Asker: 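To start, I am sharing the structure in question, which I have written as structure tokens.
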Amino acid sequence: ADVGQSAREEINLQPAGEGGQNYGWNRLEGSLAFEGEAPEDPVAPVFEYGREDGGTVIGGYVYRGDALDALRGAYLFGDLFEPGVKALRIVDGDVITRDLGVTLENLVAFGEDTAGELYVLSLAGPVFRIVPTE
């Protein structure tokens, strides 16, 4: 996740085993021109959103645990100013996001334990583990 400057929040994909990707900072904010001339061949974000949908993207982890089979392989993220936690997948080149129904005001961080289970932290309180519902 990459917090934007003033208009866009973005999520980038860094493939395993690759490095040195040019995501356009500080010339681009998401896919929008920000300052100066755009770099040559920047890597576009896989997902981005504007201030109407939040204001500070909070990046998480790709879920690799065992408790939530339906989320395995999805990237979880949220936003400081919007209470929902979302899952992002890329399926056949299409980006699919869905709200997980996890409501947490002032989300500031994600954590991962040694089993690959994920946790979320709010400025307002304790650490919460993401678990399946009945």
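Predicted model only: the values in this text are computed from it and were never measured.
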Asker: Under the side chain to side chain contact (heavy atoms under 4.5 Å, CB included) test, which residues partner R89, sequence neighbours left out?
Answerer: A74, V91
Asker: Kindly state each residue pair satisfying side chain to side chain donor-acceptor pair (under 3.5 Å) with at least one member in residues 43-54, sequence neighbours excluded.
Answerer: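 The answer is R8-E48, E9-R51, S31-E48, Y49-D79.
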Asker: Which atoms form the tightest heavy-atom contact between A87 and L76, and what is the distance?
Answerer: CB-CD1, 4.2 Å
Asker: Of the non-hydrogen atoms in P45 and E10, which two are nearest, and what is the gap between them?
Answerer: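 Answer, listing the atom of P45 first, then E10: CB-CB, 3.8 Å.
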Asker: Hey, what do you get for CG (D41) to CD (Q21), rounding to the nearest 0.5 Å?
Answerer: 11.5 Å
Asker: Quick one: hydrophobic cluster around V43, which other residues, with the 4.5 Å side-chain cut-off, linked directly or via members?
Answerer: Y23
Asker: Run V85 and F77 through side-chain contact (heavy atoms from CB on, under 4.5 Å) and show every step you take.
Answerer: CA-CA 6 Å; V85 175; F77 71 99; over 6 Å; no
Asker: Indicate yes or no: at least one non-hydrogen side-chain atom of P83 is less than 4.5 angstrom from one of L104.
Answerer: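 A side-chain contact under 4.5 Å is absent here.
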Asker: Is it true that N12 and Q14 share a donor-acceptor pair across their side chains at a distance under 3.5 Å?
Answerer: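 Not at all, the side chains of Q14 and N12 share no donor-acceptor pair under 3.5 Å.
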Asker: Is there a path of hydrophobic side-chain contacts, each under 4.5 Å between heavy atoms, that joins V108 and V3?
Answerer: no
Asker: Could you work out the complete set of other residues in the hydrophobic cluster of L32, with links drawn between I, L, V, M, F, W and Y side chains under 4.5 Å apart?
Answerer: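 Reading the cluster by chain and number, L32 sits alone, since nothing else belongs.
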Asker: Should V62 and L118 be counted in the same cluster of Ile, Leu, Val, Met, Phe, Trp and Tyr side chains packed under 4.5 Å apart?
Answerer: no
Asker: Do you know which two heavy atoms are closest between S122 and E105, and how far apart they sit?
Answerer: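 Taking S122 first and E105 second, the nearest heavy atoms are OG-O, 2.5 Å.
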Asker: Report the distance from atom CD1 of I11 to atom CG of D2, rounding to the nearest 0.5 Å.
Answerer: 10.0 Å
Asker: Check whether Y63 reaches the backbone of L68 with its side chain - one donor and one acceptor, N or O, closer than 3.5 Å.
Answerer: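 Side chain of Y63 to backbone of L68, a donor-acceptor pair under 3.5 Å: yes, one is there.
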Asker: At what distance, to the nearest 0.5 angstrom, does CZ of F47 lie from NZ of K86?
Answerer: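 That separation rounds to 7.5 Å.
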Asker: Give every donor-acceptor pair under 3.5 Å between a side-chain atom in residues 95-102 and any protein atom, sequence neighbours left out.
Answerer:
residue : atom : partner : partner atom : Å
D99     : OD1  : G101    : N            : 2.8

Asker: Can you list every pair that meets ring-ring contact (aromatic ring centres under 6.0 Å, His included) and has a residue in residues 94-128, with sequence neighbours left out?
Answerer: none
Asker: Out of curiosity, L80 CG to L123 CG, how far, rounded to the nearest 0.5 Å?
Answerer: 6.5 Å
Asker: Any idea which heavy atoms bring S6 and F34 closest together, and the distance?
Answerer: OG-CE1, 4.4 Å
Asker: Would a hydrophobic clustering, with Ile, Leu, Val, Met, Phe, Trp and Tyr connected at side-chain separations under 4.5 Å, put L71 with L107?
Answerer: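 As far as the 4.5 Å side-chain criterion goes, L107 and L71 are connected within one cluster.
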Asker: Which atom names give the shortest non-hydrogen contact between E29 and A7, and what distance separates them?
Answerer: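 Smallest interatomic distance, heavy atoms only, reads OE2-N, 2.7 Å.
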Asker: State, to 0.1 Å, how close A67 and P132 come at their nearest heavy-atom pair, and which atoms those are.
Answerer: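 Looking at all heavy atoms of both residues, the shortest contact is O-CG, 3.6 Å.
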Asker: Please check if the number of heavy atoms outside E37 that lie under 6.0 Å from its CD is greater than 12.
Answerer: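 Check fails, neighbour count at 12 or below.
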Asker: Between the side chain of E117 and the main-chain N/O of D66, is any donor-acceptor distance below 3.5 Å?
Answerer: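 Answer holds: yes.
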Asker: For the residue pair P126 and L121, establish whether any side-chain heavy-atom pair is separated by less than 4.5 Å.
Answerer: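 No; the side chains remain at least 4.5 Å from each other.
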